[in-house]
Enquirer: 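Attaching a single structure in structure tokens format; questions to follow.
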Amino acid sequence: MSFASDCKKELCGLQPEKVCCMISELGGLFMAIGSLNLLGRGRLSVQFSGENMAVARRIYTLLGKALQLPPQIHYVNNTHFGGRRKCVLTLNPQQAPVFLRAMHMMGDHNGEETLRSMIPVLGLTRSCCSRAFLRGVMLGCGTISNPEIAYHMELPFHDEDMRLNLAKCLLKQGLPIKQSERKGKGYLYYKQCEQIITFLSVVGAHKAVMKIEDLRVKRQVYGSVTRAMNCDSANLNKSMEASDSQIAAIEKLIRHNRLGALPPSLQEIAIARLNAPSATLQELGQSLKKPIGKSGVNHRLRRLMAIADET
């Protein structure tokens, strides 16, 4: 299963508690994958349609617990997209008004129940309800990339009302509004790890958050190790190049019979370098009869190279 599927499966496993939150989550799901059908003669039906079976079961559970409405279920095979099966949950004309009243889409007008809105009219003033609404939209149409590859999450919106509801809930949870458009469709998105973690924590996907955090720590450790290895490699290459230059200078002095005329301290360090081409300055200093420090070795080798340049 993909990371997005695992994330939605986790969200579907959350136990619904307060009725207000169930209604808010159903409102988010309806805006994402729901539809209102006008059947004529004042009759209405409500449908939820999606390919994710876990989400379909979630909708069935919420409708039953919050509104005591058992929807009819049927499946549709889509031959144009590899035979994918879509689950459709339907509230018949007797059930639909109950749902519509709960969503404040239908109300009394001059003693008759009339349709007021084609979309849910949700207050979403409570923090718990705004979280539930975001969870519903995420379950219905949200997408999230595998964090091993990239950090990217999207919440598509179908109209301005849905966008405003999403923006209201995201701001309530301290998340910024980042909006874009692709192929004529709008969506809110996040590409920063911290913001995606915050969103998933808000909607209740704590296992998904743990996985992202684990991957982030591993990535940071791997990056640190790689940088350290690159640094060590660069230092080693630099040391070998310096050693080669020092040896070349010493061999030049030997060819011109200059080494024997130099002070004993320079002769000693020259012989030490010839005998240990790969040794560090500190190791060279410790190999002398009278050990000296790194700066002392560096000073003597520089003098040797300067004399070789004059030769």
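Not measured: the values here are computed from a predicted model. For this chain, numbers begin at 1 and follow the sequence in order.
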Enquirer: Can you see which heavy atom on P156 is nearest to which on Y187, and at what distance?
Expert: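 It is CA-CB, 3.7 Å.
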Enquirer: Ignoring hydrogens, what is the shortest heavy-atom contact between L26 and F48? Give both atom names and the distance.
Expert: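 In terms of heavy atoms, the two residues are closest at O-CE2, 4.2 Å.
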Enquirer: Is there a donor-acceptor pair closer than 3.5 Å between any side-chain N or O of D214 and the backbone N or O of M210?
Expert: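 Pair absent, no side-chain N/O of D214 close to backbone of M210.
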Enquirer: To the nearest 0.5 Å, how far apart are CD1 in I73 and OG1 in T90?
Expert: 9.5 Å
Enquirer: Taking the side chain as C-beta and beyond, is there a heavy-atom pair between I59 and E25 under 4.5 Å?
Expert: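 Result no, sub-4.5 Å side-chain heavy-atom pair not found.
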Enquirer: Taking all non-hydrogen atoms of both residues into account, name the closest pair between L122 and S24 and its distance.
Expert: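 For L122 and S24, the tightest heavy-atom pair comes out as CD1-O, 4.3 Å.
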Enquirer: Go through it in stages, so that I can follow the logic: the residues are K218 and E148, the test is salt bridge (charged side-chain N to carboxylate O under 4.0 Å, His left out), and I'd like the CA-CA distance, side-chain angles, deciding distance and then a yes or no.
Expert: CA-CA 10 Å; K218 288 180 179 177; E148 294 182 11; over 6 Å; no
Enquirer: Would you say the side-chain atoms of E268 pair up with the backbone N or O of K289, donor to acceptor, closer than 3.5 Å?
Expert: yes
Enquirer: For the pair R101 (side chain) and H104 (backbone), establish whether a donor and an acceptor sit closer than 3.5 Å, ignoring hydrogens and angles.
Expert: no
Enquirer: Determine, for R163 against E160, whether the closest basic-nitrogen to carboxylate-oxygen distance falls under 4.0 angstrom.
Expert: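 The answer is yes: the pair qualifies as a salt bridge.
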Enquirer: Should I269 and R303 count as side-chain neighbours, where that means a heavy-atom distance under 4.5 Å?
Expert: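 Not touching, per the 4.5 Å side-chain cut-off.
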Enquirer: Flag yes if V98 and L39 sit in one hydrophobic cluster, no otherwise; membership is Ile, Leu, Val, Met, Phe, Trp, Tyr, and two members link when side-chain heavy atoms are under 4.5 Å apart.
Expert: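 Looking at the clustering, L39 is in a separate group from V98.
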Enquirer: Does M53, at its CE atom, have more than 12 non-hydrogen atoms belonging to other residues, nucleotides or ligands within less than 6.0 Å?
Expert: yes
Enquirer: Between T61 and M22, is a side chain to side chain contact (heavy atoms under 4.5 Å, CB included) present by the stated rule, with each step listed?
Expert: CA-CA 10 Å; T61 300; M22 297 184 209; over 6 Å; no
Enquirer: Is atom CD of Q282 surrounded by more than 12 heavy atoms (other residues, nucleotides or ligands) closer than 6.0 Å?
Expert: no
Enquirer: Could you tell me the separation between the CG atom of L100 and the OG atom of S45, rounded to the nearest 0.5 Å?
Expert: 9.5 Å
Enquirer: Is it the case that one hydrophobic cluster holds both F199 and V209, taking links as side-chain heavy atoms less than 4.5 Å apart, direct or via other members?
Expert: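 Yes: a chain of side-chain contacts under 4.5 Å links F199 to V209.
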Enquirer: Going from OG on S201 to CD1 on I196, what distance comes out if it is rounded to the nearest 0.5 angstrom?
Expert: 11.5 Å
Enquirer: Would the distance check show the side chain of R43 and the main-chain N or O of Q94 forming a donor-acceptor pair, the cut-off being under 3.5 Å?
Expert: no
Enquirer: Is there a side-chain contact between V55 and L29 in this structure, where contact means two heavy atoms from C-beta onward sitting under 4.5 Å apart?
Expert: yes
Enquirer: Taking Q195 for the side chain and L175 for the main chain, is one N or O donor matched with an acceptor at less than 3.5 Å?
Expert: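 No, Q195 side chain to L175 backbone: no donor-acceptor pair under 3.5 Å.
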Enquirer: Are Y75 and V46 connected, step by step, through hydrophobic side chains (Ile, Leu, Val, Met, Phe, Trp, Tyr) whose heavy atoms are closer than 4.5 Å?
Expert: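 Yes, because Y75 and V46 connect within a single hydrophobic cluster, where side-chain heavy atoms sit under 4.5 Å apart.
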Enquirer: For residues V203 and L11, report the shortest heavy-atom separation together with the two atoms involved.
Expert: O-CD2, 3.3 Å
Enquirer: Less than 4.5 Å apart, side chain to side chain, heavy atoms only: is that true for V137 and F157?
Expert: no
Enquirer: Provide the closest heavy-atom pair for A272 versus L284 in the form atom of the first, atom of the second, distance.
Expert: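 Smallest interatomic distance, heavy atoms only, reads O-CD2, 3.6 Å.
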Enquirer: Could you tell me whether the side chain of K252 and the main chain of M305 form a donor-acceptor pair under 3.5 Å?
Expert: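 Side chain of K252 to backbone of M305: no pair is present.
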Enquirer: Do any pairs count as a salt bridge (charged side-chain N to carboxylate O under 4.0 Å, His left out) and have a residue in residues 169-182, sequence neighbours left out, and if so which ones?
Expert: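 Listed once each, the pairs are E154-R182.
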Enquirer: Working to the nearest 0.5 angstrom, can you tell me the gap between N165 CG and M31 CE?
Expert: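 Answer rounded to 0.5 Å: 4.0 Å.
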Enquirer: Is it the case that S130 and Q173 place a side-chain donor and acceptor less than 3.5 Å from each other?
Expert: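 There is such a pair between these side chains.
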Enquirer: Apply salt bridge (charged side-chain N to carboxylate O under 4.0 Å, His left out) to residues E241 and K238 and explain how you reach the verdict.
Expert: CA-CA 5 Å; E241 290 174 359; K238 186 177 179 181; over 6 Å; no
Enquirer: Measure from the side-chain N and O atoms of Y151 to the backbone N and O of Y190, and report whether any donor-acceptor pair falls under 3.5 Å.
Expert: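 Side chain of Y151 to backbone of Y190, a donor-acceptor pair under 3.5 Å: no, none is there.
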Enquirer: Quick one: does any side-chain atom of Q246 pair with a main-chain N or O of L301 as donor and acceptor, under 3.5 Å?
Expert: no
Enquirer: Would you name the heavy atoms of C128 and K18 that are closest together and state the gap between them?
Expert: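 Nearest heavy atoms, C128 then K18: SG-NZ, 3.2 Å.
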Enquirer: State whether the side chain of R135 and the backbone N or O of G28 hold a donor-acceptor pair below 3.5 Å, judged by distance alone.
Expert: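 Not confirmed, R135 side chain does not pair with G28 backbone.
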Enquirer: Kindly say whether N92 contributes a backbone atom to a donor-acceptor pair with the side chain of Q95 at under 3.5 angstrom?
Expert: yes
Enquirer: Do the side chains of V297 and I271 join up, straight or via other hydrophobic residues, at under 4.5 Å, putting them in one cluster?
Expert: no
Enquirer: Going by atom types only, do R131 and S127 share a side-chain donor-acceptor pair under 3.5 Å?
Expert: yes
Enquirer: Roughly how far, to the nearest 0.5 Å, is CE of M103 from CD1 of I23?
Expert: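 Between atom CD1 of I23 and atom CE of M103 there are 4.5 Å.
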Enquirer: Is there a side-chain contact between I254 and L274, using heavy atoms and a 4.5 Å cut-off?
Expert: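 Heavy-atom side-chain distance check passes, below 4.5 Å.
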Enquirer: Does any part of the side chain of M162, heavy atoms only, come nearer than 4.5 Å to the side chain of C141, both counted from C-beta?
Expert: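 When only atoms from C-beta onward are counted, M162 and C141 do touch, with a gap below 4.5 Å.
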Enquirer: Side chains of S49 and V88: closer than 4.5 Å at any heavy-atom pair?
Expert: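 Answer yes - side chains close enough.
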Enquirer: In the single-linkage hydrophobic clustering (I, L, V, M, F, W, Y; side-chain heavy atoms under 4.5 Å), do V121 and L115 co-cluster?
Expert: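 No: no chain of side-chain contacts under 4.5 Å links V121 to L115.
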Enquirer: Heavy-atom count around K9 NZ within 6.0 Å, excluding the residue itself: above 12?
Expert: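 For K9, atom NZ is not crowded (no more than 12 foreign heavy atoms under 6.0 Å).
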Enquirer: For the pair R216 and I197, evaluate side chain to side chain contact (heavy atoms under 4.5 Å, CB included) and give the outcome as yes or no after the intermediate values.
Expert: CA-CA 11 Å; R216 183 166 64 166; I197 285 176; 4.0 Å; yes
Enquirer: Assign the ring pair F30 / F99 to parallel, tilted or perpendicular, where the plane angle (0 to 90°) is split at 30° and 60°.
Expert: tilted
Enquirer: Does any non-hydrogen side-chain atom of L134 lie less than 4.5 Å from one of M138?
Expert: no
Enquirer: Rounded to the nearest 0.5 Å, how far does CG of L38 lie from CG of L44?
Expert: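 Between atom CG of L44 and atom CG of L38 there are 5.5 Å.
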